Amino acid sequence: MKFFVTAVNTEVGKTFVTASLLRAFLQSGRTAIALKPVQTGCEMSGGRLVAPDVSEYAKVNAYSDIAPIYAFKFPASPHYSASLEHREIKTDEILKFIDAHSAQREITLIEGAGGIFVPLNSHESFLDVMRAVDAPIVLVCKNELGAINSALCSVYVLRSHGLKIAALVLNFTDEKDEICVSNAAYLKSKLKGIPVISLRKFQKDDFAAAARSFENFIASLNFNDPSQMDAGAANLNETAAIALDAAQRGQKDANLDENSKNSDACFALDTAQVCEQDGEIKSSHVAPPLMSASNTGPIDLNFDAKHLWHPYTSATHPLKAHGVLRAEGNKIYTTQGALIDGMSSWWCAVQGYGSETLNAAATAQMKEFSHVMFGGLTHAPAVNLGKKLLSMLPQFDRIFYADSGSVAVEVALKAAICYQQNVSPKKNKILTVRGGYHGDTFGAMSVCDPVTGMHSLFSGILARQIFAPRPSCRFDAPFDPSSTDKISKIFKENKDEIAAIIIEPIVQGAGGMWFYHPKFLDRLRELCDEANAVLIFDEIATGFWRTGRVFAYEYCSAAPDIICIGKALSGGFMSFAAVLTNEKIAHGVSRNGGVLMHGPTFMANPLACAVSLKNLEILCAQDTAQKVAQIHSDLQEGLRGCRSLDGVADVRTLGAIGVVEMKEAVDVEALQEFFVKRGVWIRPFGKNIYLMPPFITPRSDTQALCEAIRDAVKLKIYKG
Ligand SMILES: *Cc1c(COP(=O)(O)O)cnc(C)c1O
């Protein structure tokens with residue numbers, strides 16, 4: 001849906017109104033953009049013409065930082081400013097510009113320049129553009145002496161040209177000034193078909209407070225049937241006559257009201273709600289709570305900052321958190337606008353957000369039952385998901401459903417230890433490599449990298465495990481057999497104690513985004529076979545196509561005894577994970593009446609099972625490998641240019657993962673804010689600025705993500 005913002009004159013605050021209205025639409029959860037096709041009075045800065053109004057929009061929404069198609073230096077009527085630069089404005093080009101930029105948005109606000117008859121060239125004015133666009137008009141008027149006349153003249157002209165008026169905005173209304181108050185009252189009574197919205201004089205940049213004045217207006221719009229907005233076109237001459245009558249014959253109010261009611265349909269607006277806007281004038285400068293589209297209530301960011309713990313943050317000095325209104329496809333809609341997701345919400349949202357198929361799977365299961373205990377009971381979702389998992393992982397035999405990745409790692413470690421207790425009871429240590437990440441619970445933490453896993457914080461409580469160096473041979477380098485010497489030596493020295501080896505195959509994720517050679521894993525298999533240790537692969541991050549194969553360990557010849565899966569398992573829908581063991585482990589654990597002593601309350605949650613099954617069905621049915629390969633080549637192409645930039649240590653890509661490793665730790669907050677302004681969601685950690693977009697990401701968005709990283713590095717944002 002488009003709106004054309006015009007005014008009764010220049011200098012009445014049209015740009016402020018446009019930016020505030022833009023913000024109000026974004027807050028209501030819509031994707032919105034503001035465009036200014038023609039701007040005079042531009043200034044040279046950094047080698048290009050900067051349009052002042054567009055800069056205002058960009059404060060509200062990064063996406064609206066779109067240069068006008070016609071930008072001129074001299075501040076005058078466009079036809080004249082253009083002539084000074086020996087140029088001519090073509091309305092066709094303006095229309096193409098509007099079409100190109102409004103395509104992907106639910107709401108496009110188009111701001112004119114000056115008023116209705118402002119000339120663009122020798123024979124056309126903005127009225128011609130408005131008629132061609134044929135969008136409802138938001139008419140801005142300064143509430144001062146003379147406002148009634150100028151507003152009614154403009155309304156009359158617009159209506160008589162078949163244009164519908166979505167709203168009249170009386171800007172700079174002073175509720176203590178009797179002229180302002182009587183202007184508003186008079187215009188309201190005469191223009192019953194049009195919502196009249198009074199905005200007081202707001203401080204510059206206080207878009208948030210102004211946006212609040214548009215909330216009722218937006219709530220009353222009929223988005224489901226935008227054609228309604230055009231339905232009254234035939235009545236418009238009549239409507240125009242009414243407007244004229246209204247100005248001429250104030251005494252026939254009752255009659256006017258009747259006629260207006262008939263013509264109201266063409267505005268598709270519930271005027272009862274929006275005509276009561278004067279109350280808003282009294283609101284103070286305090287920014288309103290941000291409203292969420294789904295009516296789940298306001299997002300009280302102050303409460304969040306004061307009382308909610310976020311991951312790995314200080315309770316007293318938290319990093320900024322952005323309020324999310326909704327998420328759909330590969331976009332996260334925050335109160336600041338749409339963000340292209342480069343994180344898949346920490347590896348999990350491979351299908352993007354709001355998948356109707358996944359939602360339907362959850363809803364269908366919810367109608368039956370959303371949960372029952374798994375002790376002594378079972379159900380179709382658990383069984384059917386189990387069948388699907390075994391078909392994808394045929395070398396495994398038993399499945400343990402866990403409620404999160406960390407719990408899955410605990411269960412895998414427990415299973416390995418329980419197995420050894422029945423086979424070689426002295427073995428109770430776990431061998432792993434540095435640079436790993438396996439979760440945040442105590443058992444999982446004990447096998448995380450001792451430095452980034454903060455073992456020093458918990459020394460004395462954490463189980464002491466055995467660490468080998470990080471696998472040194474790169475994934476894309478020829479294999480260096482000596483790269484396994486150290487771990488082989490450590491293994492042999494401790495083989496009587498080592499119950500299991502746990503490792504993230506191929507990609508070390510949260511421990512450093514490092515990709516290593518598959519042959520390293522083959523060597524671990526040999527070591528485990530020689531000494532009957534259990535080999536555990538933690539594929540919680542890598543599983544389900546992320547690395548380009550369905551599971552990362554498909555790059556090597558070895559298979560583990562136990563595999564942990566999670567994250568993308570439920571397609572990002574909810575927390576869920578699983579541990580699969582082979583027959584040998586299952587039998588070993590259960591020898592002599594042994595049992596696996598673990599049983600989460602929400603084990604095999606039916607909703608999680610049903611959604612995960614549907615997710616796997618979709619991923620298997622589509623050409624997921626091809627999609628990931630495309631993302632990979634776009635990441636390769638898009639990040640390649642970073643290699644030569646200052647401060648960059650390494651650039652690497654694998655599957656749908658792209659990493660720019662810096663020489664030093666980066667300023668996360670500065671980068672995050674830069675990225676949000678750019679309309680992308682990228683959250684770096686340590687030295688790594690990295691991408692793992694949802695598999696549904698369109699190519700242009702992958703490119704935009706890469707470009708944002710390139711610019712952030714070029715501009716040295718990472719230095720803070
Ligand atoms: C994320 C992750 C975990 C922990 O999963 P949670 O669901 O966050 O508990 C474990 N291992 C690896 C490799 C992970 O990436």
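FYI, the numbering just counts along the sequence from 1. Values below: all heavy atoms of this structure, side chains included; hydrogens, waters and symmetry mates excluded. These numbers come from a predicted model, not from an experiment. Just follow the structure's listing: the first ligand is 1, and inside any ligand the first atom is 1.
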Do any side-chain atoms of residues 375-384 form donor-acceptor pairs under 3.5 angstrom with protein atoms, and if so which ones, sequence neighbours left out?
unit_1, atom_1, unit_2, atom_2, d
H379, ND1, A382, N, 3.3
H379, NE2, A604, O, 3.1
N384, ND2, A380, O, 3.3

Distance-only donor-acceptor hits, side chain of residues 668-675, under 3.5 Å, sequence neighbours excluded:
unit_1, atom_1, unit_2, atom_2, d
Q672, OE1, R683, NH1, 2.7
Q672, NE2, K320, O, 3.4
E673, OE2, H322, NE2, 3.0

Distance-only check: which donor-acceptor pairs under 3.5 Å involve side-chain atoms of residues 456-468, not counting sequence neighbours?
unit_1, atom_1, unit_2, atom_2, d
Q465, OE1, I430, N, 3.0
Q465, NE2, S446, OG, 3.0

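Side-chain contact annotation: E539 with T542, donor-acceptor N/O pair under 3.5 Å present.
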As a test of reading the model: which N/O atoms of the protein lie under 3.5 Å from N/O atoms of ligand 1, and at what distance?
unit_1, atom_1, unit_2, atom_2, d
ligand 1, 5 (O), S406, N, 3.4
ligand 1, 7 (O), G405, N, 2.8
ligand 1, 9 (O), G405, N, 3.4
ligand 1, 9 (O), S406, N, 2.7
ligand 1, 9 (O), S406, OG, 2.6
ligand 1, 11 (N), D538, OD1, 3.4
ligand 1, 11 (N), D538, OD2, 2.7
ligand 1, 15 (O), K567, NZ, 2.6

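Between the side chain of N605 and the backbone N or O of S370 there is at least one donor-acceptor pair closer than 3.5 Å.
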Check: Between F544 and F551, does a ring pair (Phe, Tyr, Trp, His ring centres under 6.0 Å) hold up when you go through it step by step?
Finding: CA-CA 6 Å; F544 306 107; F551 295 96; 5.2 Å; yes
